[in-house]
Enquirer: 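Quick one: the structure is below, and I'll ask about it shortly.
A, B, ... follow the sequence lines: proteins, then strands. Residue 1 opens every chain.
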Amino acid sequence: MKYDFKAIEQKWQDRWENEGVFHASEDHSKPKFYGLVEFPYPSGSGMHVGHIKAYSGLEVVSRKRRMQGYNVLFPIGFDAYGLPTENSAIKTGIHPRELTDRNIEKFTGQLKRVGFSFDWDRVVDTTEESYYKWTQWIFRRMFDEGLVFRAKTLVNYCPHCKVVLSNEDSQGGKCDICHNDIVQKSKDVWYLRITEYADKLLGGLDKVDYLPNIKLQQENWIGKSEGAFANFRISGTDDFLRIYTTRPDTMFGVTFMVIAPEHPVIEKYRSQIANIADLDAYKDECAKKTEFERTQLVKDKTGVRIEGLTVINPANGKEIPVYISDYVMMGYGTGAIMAVPAHDERDYDFAKKFGIDIIEVIRGGNIEEAAYTGDGEMVNSGFLNGIATKAEAITKMIGYLSEQGIGERGIQFKMKDWAFNRQRYWGEPIPIVHCPACGMVGVPYEELPLRLPNMENFAPGEGGESPLAKIESFVNCTCPKCGGPAKRETDTMPQWAGSSWYFLRYTDPKNDKEFASQENLKYWLPVDWYNGGMEHVTRHLIYSRFWHRFLFDIGEVPVDEPYAKRTAQGLILGPDGEKMSKSRGNTVDPNDVVDEFGADVLRVYTLFMGDYASAAPWSESSVKGCKRFLERVAGLADMVSGKGETEAITSLIHKTVKKVSQDIEDMKFNTAIAAMMSLINNIYEHGSLTADELGVFVRLLCPFAPHICEEMWEALGHKELCATADWPEYDEAKTQDATVEIAVQICGKVKSTIRIAADAKQDDAIAAAKADEKIAALLDGKTIVKEIYVPGKILNIVAK
RNA sequence: GCUCCUGUGGUGGAAUUGGCAGACACGCUGGAUUUAGGAUCCAGUGCGCAAGCGUGCAGGUUCGACCCCUGUCAGGAGCACCA
């Protein structure tokens, strides 16, 4: 058979579609498999081959599961709200709705040409009313449950995109979308109280199967720390300054205190602070700094001492000064810290700069030169003196604080609440009404979806105001509660909203009564295997787990964790070894590859090019290698003979079935393909195989290269599709060899190999080794000291 | 700065997790075929003329180390004054 991919690909894609073989069925008596890939953002530039690699992994798993008899849900959709489309719309003057539709069409075409086994009947588009109605609905439920609040704060603002960004979207002081510098700006911001779920999100990680580095990143992001709260008495008052510390054991070493420049205690004692003008000036200066500038100045500590305000160290009763500095932030802990310069690097730098005492309380370092953060014997510490372990000292100090009624154990998280609004057009309108009499009132559930009004000029307003604010008919409304005149919220939700629950919608995408029926959710959840990019494991993955756990808590979904297993694929780099991007001009369009080499070659190559989880550069000559492989596969059809099986080939086929089956589960697609290539090489050498053997091979390769496999399966006389044929089984006994070649070492160095029975005893192995000429010569005149025999692997003779 | 990951031929990468390093593929070399190019097929391909030497570098543990331990260098990712 000739490998004529152009003649066969459309044919089989049509047949798959006509027979509907990839539609998940709602027969809930069958075992299910829910495989999920991250739905794409339909950008104007179309897909590149990185998307193909991202989907090919679970594509192979899903196809294998179908052949194993599972009812498989392998859906796809489009995460279509967001800034790039809106920016492109402003530039081109084409409405984002139209751009989105065009882009989705383009993406759909690209995906279909690759022959992915997606269930195209369940496509979701986050910008459709029937979808975002439920995004708003979930938000409304959160509002009802008190998880939504509004606060005026300094926010990360991107002057270029004219939009407020979450901390997650503005890492390193750069806008995640346009990569320009962000600035601090005071704004009314909607927050989702994700911090309330910090402990649950952390605890939930214990029962899911995520790759270790994914789990670790989530843990770091949530950033749980255990320590203590302690109250420091303000001198001359009955008032306290409350601090949070993870090192209560070092309290005897506290020589000063630092509070955030915005700390409310400054207002409270304004009249008695001698240098209040200096403090105000410093505070203003800090407010002007961007997050980026703050982090750039890590080493160079700044601050101002508060004149006229001191506190008492509760451990030793000493009076200590209080400073303000921007290295302490209002947003973490209590906005105030006890400073232990001898044992904390930041406090050390600060004390050195301001000439504050440094008192060693833990032995082990040299505090003349640097802070010592390690373990050691407690000194200069009153009742803690002599204790050698940190844990014991901490317990004792917390005990003392609670006895005095001025402190207790405490837990803090790094994770911040989620800034949830954007002043942009292309997003879900936030379903809230501002009423002068009733305050914030949720749009009634029966009025959802709150439609995004169509508008011509959707450029953001100059003051960073949402474009929706310009539409009076949208803004002016009546309060759902009192019926009086009210104003609608004009901000929209961030792009992360729609993707926080899409996997739930796939289970029942056409339901217009609920976001999904309980029956379907119960059957399909949790997602058995979720694969996507590493760039989404802290944001999207945390946000969606949060939404899901919220829905679980209010009884809307049957399981607490949405994803049973999460893996990640590595990037495809451009041929130049750089990250693929439109601006570098090193992208590869999957359509071009399909045109020149065929869809099967594209699929096989993206999985064969390297370890699935690692980044690897695109190489066109290696693509050709995969083409050659599939040509040789097609050639097998001409090698079928009635001569009967040969033991060597039969055994190799069983071994290959075993290896490929296991490798798919481990996402080791590259070695699975290598094993099949190896098998082919052996068959070519041998010259023939039986029709049954070819049938096994074709089914084994089918998840990787389904078009050519369908063609060959049909040529073998099958009426049914290969895609629904049974996954090949292997016989363990036939994967075992009767004899094995093992290495013989003299003093740990390989000197020869011998072929012996697989179950040979040590004595037989040694006898066989001694019969080997090379070994015999090397052992001549020496005494054997030791013999190590590992059956099937190695024989090591130590001789002197 | 902190945390984590990765260093294997000319290249992408294998190695049953302590047991023959370099599977599989690319590339390259030679040959066959071809008017030529391309394609295909055959042979070879870690380094070294050799004995030997080889998994970033230096030590260690072990009968035996790409794998474990200590130190060190390089690259990447994440977090970034988190008290």
Enquirer: Counting C-beta onward and ignoring hydrogens, is there a side-chain heavy-atom pair between A/Tyr327 and A/Ile337 closer than 4.5 Å?
Expert: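 Yes, close enough: below the 4.5 Å cut-off.
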Enquirer: Output one line per pair: protein atom, nucleotide atom from nucleotides 29-31 of chain B, and distance, for all N/O pairs under 3.5 Å.
Expert:
none

Enquirer: Syn if the chi torsion is within 90° of 0, anti otherwise; quick check, which is B/U8?
Expert: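 For B/U8, whose glycosidic angle is more than 90° from 0, the conformation is anti.
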Enquirer: Measure the distance from CG on A/Leu779 to C1' on B/C63 and round it to the nearest whole Å.
Expert: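 Roughly 14 Å, once rounded to whole Å.
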Enquirer: Please determine whether a side-chain nitrogen or oxygen atom of A/Ser225 lies at a distance below 4.0 Å from atom OP1 or OP2 of B/A83.
Expert: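 It does, given that an N or O in the side chain of A/Ser225 lies less than 4.0 Å from OP1 or OP2 of B/A83.
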Enquirer: For the pair made of CD in A/Glu345 and C1' in B/A80, what is the distance, rounded to whole Å?
Expert: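 Computing the A/Glu345:CD to B/A80:C1' distance gives 13 Å.
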Enquirer: Does the side chain to side chain contact (heavy atoms under 4.5 Å, CB included) test come out yes or no for A/Leu701 and A/Leu630, once each step is laid out?
Expert: CA-CA 10 Å; A/Leu701 180 64; A/Leu630 293 182; 4.2 Å; yes
Enquirer: Roughly, in whole Å, what's the span from CE in A/Met609 to P in B/G13?
Expert: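 Spelled out: CE on A/Met609 to P on B/G13 is 8 Å.
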Enquirer: Whole Å only: how far is the CD1 atom of A/Ile766 from the C1' atom of B/C63?
Expert: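 So the two atoms are 13 Å apart, to the nearest Å.
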Enquirer: What class does the angle between the rings of A/Phe229 and A/Tyr244 fall in, given that below 30° is parallel, 30 to 60° is tilted and above 60° is perpendicular?
Expert: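 Plane angle between 30° and 60°, so tilted.
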Enquirer: If you measure from the Lys or Arg side-chain nitrogens to the Asp or Glu carboxylate oxygens, is any gap between A/Glu38 and A/Arg566 under 4.0 Å?
Expert: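 A salt bridge is present here (some side-chain N lies under 4.0 Å from a carboxylate O).
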Enquirer: Rounded off to whole Å, could you give me the NE2-to-P distance for the A/His343 and B/A83 pair?
Expert: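 These atoms are roughly 17 Å apart.
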Enquirer: Grab the CZ-C1' distance between A/Arg242 and B/A83 for me, whole Å please.
Expert: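 My rounded result for the distance is 14 Å.
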Enquirer: Could you tell me whether the side chains of A/Tyr612 and A/Ser56 share a donor-acceptor contact shorter than 3.5 Å?
Expert: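 A/Tyr612 vs A/Ser56: no donor-acceptor pair found between side chains.
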Enquirer: Under 3.5 Å, is there a donor-acceptor pair linking the side chains of A/Tyr789 and A/Asp763?
Expert: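 The answer is no; no qualifying pair exists.
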Enquirer: Indicate syn or anti for B/G10, taking the glycosidic torsion and treating anything within 90° of 0 as syn.
Expert: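 Here B/G10 takes the anti form, which means its glycosidic angle is more than 90° from 0.
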Enquirer: Do you know which two heavy atoms are closest between A/Val604 and A/Cys626, and how far apart they sit?
Expert: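 Where A/Val604 meets A/Cys626 most closely, the heavy atoms are CG1-SG, 4.0 Å.
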Enquirer: Output, in order, the C-alpha distance, side-chain angles, deciding distance and verdict of side chain to side chain contact (heavy atoms under 4.5 Å, CB included) for A/Asn531 and A/Gln569.
Expert: CA-CA 7 Å; A/Asn531 185 73; A/Gln569 79 281 347; 2.8 Å; yes
Enquirer: C1' atom, B/C66 versus B/C20: distance in rounded Å?
Expert: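 Nearest-Å result for B/C66 against B/C20 at atom C1': 14 Å.
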Enquirer: Any heavy-atom pair between the side chains of A/Ile756 and A/Asp764 that's under 4.5 Å?
Expert: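 Answer no - side chains too far apart.
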Enquirer: Looking for any heavy atom pair under 4.0 Å, which part of the strands does A/Ala339 touch: base, sugar-phosphate only, or nothing?
Expert: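 Result for A/Ala339 = nothing.
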Enquirer: I'd like a list of close polar pairs between nucleotides 38-47 of chain B and the protein, N/O only, cut-off under 3.5 Å.
Expert:
| unit_1 | atom_1 | unit_2 | atom_2 | d |
| --- | --- | --- | --- | --- |
| B/U40 | OP1 | A/Arg628 | NE | 3.1 |

Enquirer: Pick base, sugar-phosphate or nothing for A/Gly625, based on heavy-atom distances below 4.0 Å to the nucleic acid.
Expert: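 Since only primed, P, OP1 and OP2 atoms lie under 4.0 Å of A/Gly625, the category is sugar-phosphate.
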Enquirer: Can you name the nearest heavy-atom pair linking A/Val340 to A/Thr250, along with the distance?
Expert: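 What the structure gives for the nearest pair is CG2-OG1, 3.3 Å.
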Enquirer: Heavy atoms under 4.0 Å is the rule here; annotate nucleotides 17-24 of chain B 5' to 3' with B where the base is hit, S where only the sugar-phosphate is, and - elsewhere.
Expert: --BBS-BB
Enquirer: Sticking with atom C1', work out how far B/U17 lies from B/G52, rounded to a whole angstrom.
Expert: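 Result for the C1' pair: 29 Å, nearest Å.
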Enquirer: Is it true that A/Glu631 and A/Lys627 have a side-chain N and a carboxylate O under 4.0 angstrom from each other?
Expert: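 The answer is yes: the pair qualifies as a salt bridge.
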Enquirer: Taking the nucleotide of RNA chain B with the closest heavy atom to each, which residue, A/Asp611 or A/Met338, is nearer the 5' end?
Expert: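 Whichever sits nearer the 5' end wins; that is A/Asp611.
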Enquirer: Can you label the angle between the A/Phe5 ring and the A/Tyr3 ring as parallel, tilted or perpendicular, going by 30° and 60°?
Expert: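 Ring orientation, 0 to 90° scale: tilted.
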Enquirer: Do A/Arg755 and A/Asp737 meet the salt-bridge criterion of a basic N to acidic O distance under 4.0 Å?
Expert: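 The answer is no: the pair does not qualify as a salt bridge.
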Enquirer: Which atom pairs, one a donor and one an acceptor, fall under 3.5 Å between side chains of residues 407-415 of chain A and the rest of the protein, sequence neighbours left out?
Expert:
| unit_1 | atom_1 | unit_2 | atom_2 | d |
| --- | --- | --- | --- | --- |
| A/Glu408 | OE2 | A/Arg242 | NH2 | 2.5 |
| A/Gln412 | OE1 | A/Gly333 | N | 3.1 |

Enquirer: Could you check how far CD of A/Gln762 sits from C1' of B/C63, rounded to whole Å?
Expert: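 Rounding to the nearest Å, CD of A/Gln762 and C1' of B/C63 are 12 Å apart.
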Enquirer: When you look at CD of A/Glu773, are more than 12 heavy atoms from neighbouring residues, nucleotides or ligands closer to it than 6.0 Å?
Expert: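 Counting other residues, nucleotides and ligands, CD of A/Glu773 stays at 12 neighbours or fewer.
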Enquirer: For residues A/Asp249 and A/Ile362, determine if any side-chain heavy atom of one lies less than 4.5 Å from a side-chain heavy atom of the other.
Expert: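 A side-chain contact exists here, since the closest heavy-atom pair is under 4.5 Å.
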Enquirer: Ignoring backbone atoms, test whether A/Tyr244 places a side-chain nitrogen or oxygen under 4.0 Å from the OP1 or OP2 oxygen of B/A83.
Expert: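 No.
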Enquirer: Counting any heavy atom closer than 4.0 Å, what does A/Asp344 reach on the DNA or RNA strands: base, sugar-phosphate only, or nothing?
Expert: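 No contact at all - A/Asp344 keeps every heavy atom at 4.0 Å or more from the nucleic acid.
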Enquirer: Starting at the 5' end of RNA chain B and moving along, which residue's nearest nucleotide shows up first, A/Thr245 or A/Lys751?
Expert: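 Its nearest nucleotide being more 5', the pick is A/Lys751.
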Enquirer: Represent RNA chain B in dot-bracket notation, 5' to 3'. Only Watson-Crick or G-U wobble pairs with both distances under 3.5 Å count; pseudoknot-style crossings use [ ] and interstrand partners use |.
Expert: (((((((..(((......[....)))((((((.......))))))((....))..(((((..]....))))))))))))....
Enquirer: Taking CD1 from A/Ile680 and C1' from B/A25, how many angstroms apart are they, rounded to a whole number?
Expert: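 It is 14 Å, rounded to the nearest whole Å.
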Enquirer: With a 6.0 Å cut-off on ring centres, are A/Phe608 and A/Phe629 close enough?
Expert: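 No - the distance between ring centres of A/Phe608 and A/Phe629 does not fall below the 6.0 Å cut-off.
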Enquirer: Report, one pair per line, the protein and nucleotides 3-8 of chain B atoms (nitrogen or oxygen only) whose separation is under 3.5 Å.
Expert:
none

Enquirer: Does a side-chain heavy-atom distance below 4.5 Å link A/Phe232 with A/Met338?
Expert: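 The answer is yes, as the side chains (C-beta and beyond) meet within the 4.5 Å cut-off.
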Enquirer: Roughly how many Å apart are B/G12 and B/A23, using the C1' atom of each and rounding to a whole number?
Expert: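 Each nucleotide's C1' atom is 13 Å from the other's.
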